[in-house]
Amino acid sequence: MKKYQKRLLRIISCCLFLSLCVSLFDANQVIAASKPAKPSFSVKKRTKTTATLKIKKKGKVSGYHVYIKSSKKGKYKIIPSISRTVKLKKLKKNKVYYVKIRAYRTKGIKVTFGKFSKTVKIGKYKKTTTTSKTTVTETKKPSAVEIRAQKYAQEVLALVNKERAAAGLSAYTLDDTLCQAANIRAQEIVSEFSHTRPDGTSCFSVLQQFNYQYMAVGENIAAGQSTPEQVVDSWMHSEGHRANILSTDYTKMGVGYWESSTGYTYYWTQLFSD
């Protein structure tokens, strides 16, 4: 009888052990599956004492840990952040920094970390210098379309700010550089009516031609409307375009306008930035 009882106890113990192993395996599978994706980021701005990082959104995360050090063999300092825009402070202008990040996700009291991003090098601060050169150039007289574009930009601004005021929002200001970029885009959408440029790059790459710095940016395009009133009314009746017009992420706007002998004749572009 005792021999039978001992044998039965061994069988029960083995079953409990196997059950525990299966449970642990399942738990590890859940934890592994819930890990945040490996993040990526870029350095948007470097000043004498700061650097601004922009983290690309990848899946659902609770926040990020930013690791920074001032030499390859140095010790990392951890900076926690719940925002995808991180401003590093108290940097030295003649120092090079190395930065990597990882995302984390919380569930109750449990914190799960993802893999580290690639390490990005932040170079020393470089002051932008311009050399003055006196040149004599002939002033080009603006065309009729360019004159209309300048006039329409002011009218679109007034109409947009009227909509923003009705929504209890602050007014946009018209930015000359954004207007120049928007006019280029207005000509480009004649052949490629898209937020992708004819060369295959993003519509926002036009701002690189002007070395324009921004943290947030948006674009609206339209074709066929012959007046500022018509185009603003069209944008306001489109959910995505309306969101840009009434956004709280932007403070500045540029307006582009072009006329073509083909297609929809009238082409419009709005560019927004913070």
Side-chain angles (χ1 to χ4, degrees), residues 44 54 57 85 139-274:
K44 290 298 181 182
K54 187 70 175 180
K57 186 176 182 182
T85 300
T139 303
K140 184 182 176 182
K141 187 177 180 180
S143 66
V145 174
E146 291 170 332
I147 292 172
R148 275 194 291 278
Q150 293 173 11
K151 177 188 174 186
Y152 286 169
Q154 294 291 343
E155 293 179 19
V156 169
L157 176 70
L159 291 165
V160 164
N161 282 337
K162 184 178 178 181
E163 296 290 349
R164 288 179 65 82
L169 301 171
S170 59
Y172 282 151
T173 57
L174 200 64
D175 184 274
D176 288 340
T177 303
L178 288 178
C179 283
Q180 291 179 59
N183 277 310
I184 292 174
R185 289 287 299 131
Q187 295 176 54
E188 289 179 347
I189 61 175
V190 174
S191 60
E192 188 75 36
F193 191 77
S194 166
H195 295 296
T196 299
R197 301 181 73 186
D199 64 1
T201 62
S202 163
C203 58
F204 306 125
S205 67
V206 70
L207 297 174
Q208 296 174 7
Q209 297 174 216
F210 301 91
N211 294 319
Y212 191 87
Q213 301 295 318
Y214 61 86
M215 291 302 299
V217 67
E219 181 185 70
N220 283 349
I221 58 176
Q225 300 85 355
S226 61
T227 66
E229 290 82 2
Q230 289 179 7
V231 75
V232 172
D233 182 70
S234 176
W235 279 328
M236 287 299 293
H237 282 85
S238 168
E239 184 178 350
H241 299 92
R242 178 187 176 91
N244 276 338
I245 288 174
L246 300 181
S247 175
T248 56
D249 293 333
Y250 313 128
T251 60
K252 294 176 282 190
M253 184 182 73
V255 180
Y257 171 79
W258 190 249
E259 294 177 9
S260 172
S261 57
T262 60
Y264 293 98
T265 307
Y266 311 105
Y267 293 85
W268 303 80
T269 305
Q270 280 179 312
L271 282 173
F272 307 89
S273 81
D274 56 323

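Computed from heavy atoms alone, side chains included, the values below leave out hydrogens, waters and symmetry copies.
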Student: If you look at every heavy atom in Gln225 and Trp268, which pair is closest and at what distance?
Tutor: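 Nearest pair, atom of Gln225 first, then Trp268: O-NE1, 2.6 Å.
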Student: For residues 148-159, run the donor-acceptor check on the side chains, cut-off 3.5 Å, and write out each pair with its distance to 0.1 Å, sequence neighbours left out.
Tutor:
| residue | atom | partner | partner atom | Å |
| --- | --- | --- | --- | --- |
| Arg148 | NE | Glu259 | OE2 | 2.8 |
| Arg148 | NH2 | Glu259 | OE1 | 3.1 |
| Arg148 | NH2 | Glu259 | OE2 | 3.2 |

Student: Considering non-hydrogen atoms only, spot the tightest contact between Ala182 and Leu271 and give its length.
Tutor: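 Reported closest heavy-atom pair: N-CD1, 3.6 Å.
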Student: Of all heavy-atom pairs between Glu163 and Leu246, which one has the smallest distance, and what is that distance?
Tutor: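 Heavy-atom minimum between the residues: O-CD2, 3.9 Å.
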Student: Begin from the C-alpha positions of Lys44 and Met215 and carry the test side chain to side chain contact (heavy atoms under 4.5 Å, CB included) through to its verdict.
Tutor: CA-CA 7 Å; Lys44 290 298 181 182; Met215 291 302 299; 4.0 Å; yes
Student: Is the closest side-chain donor-acceptor distance between Tyr172 and Thr251 under 3.5 Å?
Tutor: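 Short answer, no.
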Student: Is any side-chain heavy atom of Phe204 less than 4.5 Å from a side-chain heavy atom of Glu219?
Tutor: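 Yes, their side chains come closer than 4.5 Å.
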Student: If we ignore hydrogens and angles and just use 3.5 Å, is the side chain of His237 paired with the main-chain N or O of Asp233 as donor and acceptor?
Tutor: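 Yes.
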Student: Between Tyr266 and Ser226, which heavy-atom pair has the shortest distance, and what is it?
Tutor: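 Shortest heavy-atom contact: CE1-CB, 3.6 Å.
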Student: Look up atom OG in Ser273 and atom CE in Met253, then write down how far apart they are to the nearest 0.5 Å.
Tutor: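 Rounded to the nearest 0.5 Å, the OG-CE separation comes to 11.0 Å.
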Student: A quick test of your reading: do over 12 heavy atoms of other residues, nucleotides or ligands sit less than 6.0 Å from OH of Tyr212?
Tutor: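 Counting neighbours around OH of Tyr212, more than 12 heavy atoms of other residues, nucleotides or ligands fall under 6.0 Å, so yes.
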Student: Please step through side chain to side chain donor-acceptor pair (under 3.5 Å) for the pair Tyr267 and Ser260, ending with a clear verdict.
Tutor: CA-CA 8 Å; Tyr267 293 85; Ser260 172; 5.4 Å; no
Student: Above 12 or not: heavy atoms from other molecules or residues under 6.0 Å from CG of Asp274?
Tutor: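 Enclosed: over 12 neighbouring heavy atoms sit under 6.0 Å from CG of Asp274.
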Student: Does the pair Leu178 and Gln270 meet the rule for a side chain to side chain contact (heavy atoms under 4.5 Å, CB included), with working shown?
Tutor: CA-CA 8 Å; Leu178 288 178; Gln270 280 179 312; over 6 Å; no
Student: Are Thr196 and Ser202 close enough that some pair of their side-chain heavy atoms sits under 4.5 Å apart?
Tutor: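 With C-beta onward as the side chain, the pair stays apart.
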Student: Closer than 4.0 angstrom, basic N to acidic O: yes or no for Arg185 and Glu188?
Tutor: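 Salt bridge between Arg185 and Glu188, a charged N being under 4.0 Å from a carboxylate O: yes.
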Student: Between atom NZ of Lys252 and atom CG of Asp175, what is the distance when rounded to the nearest 0.5 Å?
Tutor: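 It is 5.0 Å, given to the nearest 0.5 Å.
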Student: Can you measure from OG1 (Thr269) to CD (Gln187) and round to the nearest 0.5 angstrom?
Tutor: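 Here the interatomic distance stands at 9.5 Å.
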Student: Please walk me through it: do Phe272 and Asn220 pass side chain to side chain contact (heavy atoms under 4.5 Å, CB included)?
Tutor: CA-CA 9 Å; Phe272 307 89; Asn220 283 349; 3.7 Å; yes
Student: First locate atom CE of Met236, then atom CD1 of Ile245, and finally report the distance between them rounded to the nearest 0.5 Å.
Tutor: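 Rounded to the nearest 0.5 Å, the CE-CD1 separation comes out at 5.5 Å.
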Student: Let me confirm one number: the OG-CZ distance from Ser247 to Arg242, rounded to the nearest 0.5 Å.
Tutor: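 Ser247 atom OG to Arg242 atom CZ measures 13.0 Å (nearest 0.5 Å).
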Student: Looking only at heavy atoms, which two atoms of Cys203 and Val206 are closest? And how far apart?
Tutor: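 Closest approach of Cys203 to Val206, heavy atoms only: O-CG1, 3.2 Å.
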Student: Before accepting this row, confirm whether a basic side-chain N of the pair Glu192/Arg197 lies closer than 4.0 Å to the acidic partner's carboxylate O.
Tutor: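 No salt bridge links Glu192 with Arg197.
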Student: Pair Val232, Lys162 - check side chain to side chain contact (heavy atoms under 4.5 Å, CB included), show working.
Tutor: CA-CA 11 Å; Val232 172; Lys162 184 178 178 181; over 6 Å; no
Student: How many angstroms lie between atom OG of Ser143 and atom CD of Glu146, to the nearest 0.5 angstrom?
Tutor: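 Between Ser143 OG and Glu146 CD, I get 3.5 Å after rounding to 0.5 Å.
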